[in-house]
Structures are given as C-alpha cells and as structure tokens.
Amino acid sequence: MESPPTLLWFRRDLRLSYQAALVAAVGEGPVVPVYVLDDETPKHRRMGAASRWWLHHSLTRLDAALREKGSRLILRRGRADAVLAELAAETGARRVHAIRHYEPWWRNAERAVAKRIELVCHDGNYLAPPGSVTTGGGTPYKIFTPFWRALRERMPPAVPVAAPDAIPGPAQWPQSDALADWNLLPTRPNWASGFDDWTPGEGGARERVAAFVDHASRYDEQRNLPSIEGSSRLSPHLHFGEVSPATVWHCVADAGGSVETFLGELGWRDYAQNVILQFPDYAARNARDRFDALPWRSSPSELKAWQQGRTGYPIVDAGMRQLWATGWMHNRVRMIAASFLIKHLLIDWREGERWFWDTLVDADYGSNAVNWQWTSGTGIDSNLFVRIMAPLSQSEKFDAAGYIRRWVPELAGLSDTAIHDPDAAGCRPRGYPAKIIGHREARERALAAVRSIG
DNA sequence: AGGAGGTTCCT
DNA sequence: GGAACCTCC
C-alpha cells in the first residue's frame, strides 16, 4: 500500500531550486503541489492587476517545470484553509509543507490552515527569518542601518540546494482548475502588451540573475541613472519567489567587484518584512501618528494626472508612463514620483501606495508600504517630511534625458538641457501639459501644511 | 545586572 | 524625534 501524499502549498515561492518546503515534502514520499488563488483571505489586499498578469505566466512555467520532474501543479480557488482541507480529504494527505510568509493575511491564513491540518512552515524567502534579527536588548530593529549591520554579521546565507531530480506523485491526481478560467490576464484593453521585456518564472529569473552578474560591479555607479540598465530588475522575480535571495546573494558575491551596495538592497528587502511583522497595518497607518492630522489635499483630477503621467514634470511623467507600460519603474524615479505626489501635490501617500499596488509587477506589501512611508517621512525610519525632493534637479543630476525621450515621446525633440524643464526653456511642445504646480509654490505649501500640525 | 543618561545618526 | 548603542554606576 502506497503512503499518503503530502501537500506542497505554493504561494510567493514559485520555484523548485532551494525550495525548502519541496525538499521536505519529497523526503516524505508522494507530493501534491497546489497553488490556491485566494482572493478572500487578503480581503481588500488581494493581488493587483499587474501582479495577476505575472502570476499567470509564472504558474504556467511552474507547472511545466514540475511536469519535467514527473509532477504537476494543481490549481484551486477559494479560501486557503478550506481548499487545503478539502484537497487533503480528497487525496488522503495529512500534512502540508509551505514556505512561511509575513503579510498579515498570510499569517492569519497559516493559523487557520493549522487548525484543520498539520502545517509545516519553512524559511527561505528572506536572507534571515524575519523577526530573528534583534538588538542587544532582544527586541526587533526599527531602523534600517543597525538592522543591516546585524544581518550582515550573519551573512553569507547558507548555500542554496538544487531542485530534486524527480518529484514523486500520487497514484491518482486530483482535479485541477484550468488556469485560463482564472482570468488573470487583461482582456480589453490589453494594457500588458508592453510587458514583453519580462519573462516570469524560474527560468526567466535565472536569466536575469546571470545578466545582472555581468554588470553587478558597476551597480554602485549606475543604479541611480534611469537612462541606463544599471539596476538588477530582479524585484518581481524575488517577490514571486522564483529565485531565493540566498541564490542571488551567492551569484552576485561570487562575481566579485564592489557589490556591497547591492547586497544592502537585498537587506532592505528583509528589513521591510521585519517592519510589517512588527506593524502589520503599516500600509494603512502613519507610523508617526502626529501625521494623522496633516491636511492632505483631495484632488481626483490631480491624482489622475499623476497616475497618467501628465503633471508637466518630465521625469515624473516618464516614470509614471514607464510604470503603466511595463509594470515597473526605475527605483530612483519611484522616489521622485512618490515624493512629487506626497509633497508637491500634497496627496496622501496611501493613494500612491494603492496605485503602485495595482500597477507594479513587483508589488510587495512590505516593500511598498515601507518605501512609501519612508518617502513621506511618516515612517518609523525617520527621513523628515520637510526634506522635499526637487524633481527638476534630480532629473538633471541623474542624467534622465534619454529616459524621458523614451517614455515621453512628445519631448523627444528637446535638447539634453531643455528636456528636464521645457517650461523654463521656453520650448514646451503643444500636447505636453504645463506644470501642474510650480516647484517653489508646492514646496511652500507642503512646509506650511507640516507646520500646521506642530 | 540592569537602568539612567549621553551621544550619534537616520537609504 | 527617537532608535540604538555606549558608558557609567
């Protein structure tokens, strides 16, 4: 008589290499890999549209990779605890293996699953298990730099384990939904037609890592230049767990050169999870609650102008259009565009967080919330509200002319010097909007707003 | 040992 | 402002 299968519950860990839950499940006999599309557990935090596009393709690749190893991916839809209990009853499984997640709704779901069936959670989506890096006093860190110092001490991470050669399956496979029925892809309009630079899935992640390793030694000098391919572009692959951060760490560190800045970015990713573990509602509340009294402006038309890239600030508009067209925005430009919404338009950072949640292929609850609160100055990690980025000087400083030409074609004919500020250069083309508000005026308005709350 | 108070710094 | 670490008792 064959032993009963165990369930392998995939979430944001869509890989076969260095997948601790997979290794554990295979060690116990037959495995039933399952992905549950659960829009009920996260409630209003269900995956955004761009993430769904990514998920569709990543699940396709994961199923293909599993089939090469004699397995397959079972797709089910519904509340994770109910679906897993049901699948366990169908297959005779008595245990679930999964990688642990730290979004508040996943922590709730893990508790709910554990009430119905034995759930074994594993680490591996972060450099160190979130919550495990603590201060001398034994409490979790709140500030990045001391957190990173302590985490760095514990590095490098353990060397990643390869995928198993074969994954045994059950005598009889349970039913699976058809992926197409989940309607994860856009239909009309197909806003994802420009997403073709991306290759979701573990293979695509591996290619991105390899491509990045070639220029990782220039990361420090090029990562802030949006006209250049200087960043790693690994964020969506890391978010969906198509590659583990430990794997990225070792590939990059082995490449040599000065990669410390990049490793720090991996550390920042861990830091964000540590913050949402301490403050689960970080995307919903100002960490410094005196900002609850800040007189945010309500302007649906200006919010829309920002979303659509029609603010009259070329660097902001280029970024917002790149986001819409490709599901991704260069990090330096994210900071400029976010700062512009918060300080120049004085619109609540949560509006921006929401938009990014829906439009980014790398939308991550922890990273998104931590980065928005950092930019706004409402976060646990300082950065003062009164530090207001000057979008035009940022655009010049980081040499964004080429980037603007690519994403704001109306301005493609302008010179390298005029393109950052067509109004000031007296050569704004018809069809490109005037500045929605002047820099000085916006700056003074923001400073007055923050002064008004003491 | 553990708490008070000083210092430094904050992707 | 306040977190984290240090020194001092």
Side-chain angles (χ1 to χ4, degrees), chain A residues 126-128 130-155 216 219-226 230-232 234-235 238 245 248-249 252 258-279 282 285-294 319 329-340 342-343 349 352-353 356 362 364 366-391 393-394 397-398 446-447 449-454:
Chain A
Y126 298 97
L127 292 172
S132 71
V133 180
T134 53
T135 66
T139 56
Y141 285 98
K142 295 188 163 57
I143 306 293
F144 173 73
T145 304
F147 169 82
W148 172 234
R149 251 196 306 269
L151 174 60
R152 186 71 184 81
E153 286 281 305
R154 288 171 49 171
M155 296 292 106
Y219 178 80
D220 202 20
E221 67 183 79
Q222 294 188 339
R223 69 184 188 123
N224 280 315
L225 308 177
S231 64
S232 73
L234 285 169
S235 52
L238 281 163
V248 174
W249 180 291
V252 170
S258 76
V259 295
E260 210 48 39
T261 305
F262 178 78
L263 299 180
E265 295 301 321
L266 286 179
W268 183 255
R269 183 177 168 277
D270 266 47
Y271 168 71
Q273 298 302 311
N274 276 269
V275 172
I276 60 161
L277 189 55
Q278 295 176 70
F279 307 99
Y282 208 70
R285 301 178 67 85
N286 296 309
R288 290 157 195 266
D289 52 17
R290 75 181 189 93
F291 286 98
D292 291 353
L294 198 83
M329 197 195 310
H330 188 278
N331 182 58
R332 168 57 45 180
V333 189
R334 288 189 199 197
M335 290 194 275
I336 300 169
S339 173
F340 186 86
I342 300 162
K343 314 282 172 74
W349 61 269
E353 193 276 337
F356 275 23
D362 63 27
D364 181 277
S367 293
N368 203 32
V370 165
N371 287 321
W372 274 96
Q373 290 228 47
W374 180 79
T375 300
S376 72
T378 58
I380 195 72
D381 53 339
S382 194
N383 194 17
L384 304 174
F385 188 95
V386 293
R387 270 189 212 140
I388 296 170
M389 257 186 189
S393 10
Q394 288 274 312
K397 182 177 174 191
F398 297 109
L447 291 174
V450 77
R451 242 182 278 121
S452 77
I453 61 170

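Each chain gets a letter, A, B and so on, in the order its sequence line appears, and its residues count up from 1. Values reported hereafter were calculated over all heavy atoms of this structure, with side chains retained and with hydrogens, waters and symmetry mates removed.
The side chain of A:Y141 places no N or O atom within less than 4.0 Å of a non-bridging phosphate oxygen (OP1 or OP2) of C:dG2.
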*Yes or no on side chain to side chain contact (heavy atoms under 4.5 Å, CB included) for A:T134 and A:T139, after CA distance, side-chain angles and deciding distance?*
CA-CA 5 Å; A:T134 53; A:T139 56; over 6 Å; no
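Base pairing annotation: B:dA1 forms no Watson-Crick or G-U wobble pair, as no partner gives both donor-acceptor distances under 3.5 Å.
Note: CD (A:Q373) to C1' (B:dC10) measures 16 Å, nearest angstrom. Straight-line distance from the CG atom of A:D289 to the C1' atom of C:dG1: 13 Å, rounded to whole Å. Nucleotide B:dC10 holds its P atom 17 Å from the CD1 atom of A:I380, rounded to whole Å. Between the P atom of B:dT8 and the NZ atom of A:K142 lies a distance of 23 Å, rounded to the nearest Å. Here C:dA4 presents its C1' atom at 9 Å from CZ of A:R149, a figure rounded to the nearest Å. Whole-Å rounding puts the A:F147 CZ to C:dA4 C1' distance at 15 Å. In this structure, A:I453 atom CD1 and C:dG1 atom C1' are separated by 13 Å, rounded to whole Å. Put simply, CD on A:Q278 is 11 Å from P on C:dA3, counting in whole angstrom units.
Within 4.0 Å of A:W374, counting heavy atoms only, lie sugar-phosphate atoms of the nucleic acid but no base atom.
Listed nucleotides: C:dC5, B:dC10, C:dG2. Nearest to the side chain of A:I143: B:dC10.
Smallest separation of non-hydrogen atoms from A:A128 and A:V133: CB-CG2, 4.1 Å.
Contact check on A:D362 versus A:R269 returns no salt bridge, with no Lys/Arg side-chain nitrogen under 4.0 Å from an Asp/Glu carboxylate oxygen.
Not less than 6.0 angstrom separates the ring centroid of A:W374 from the ring centroid of A:F144.
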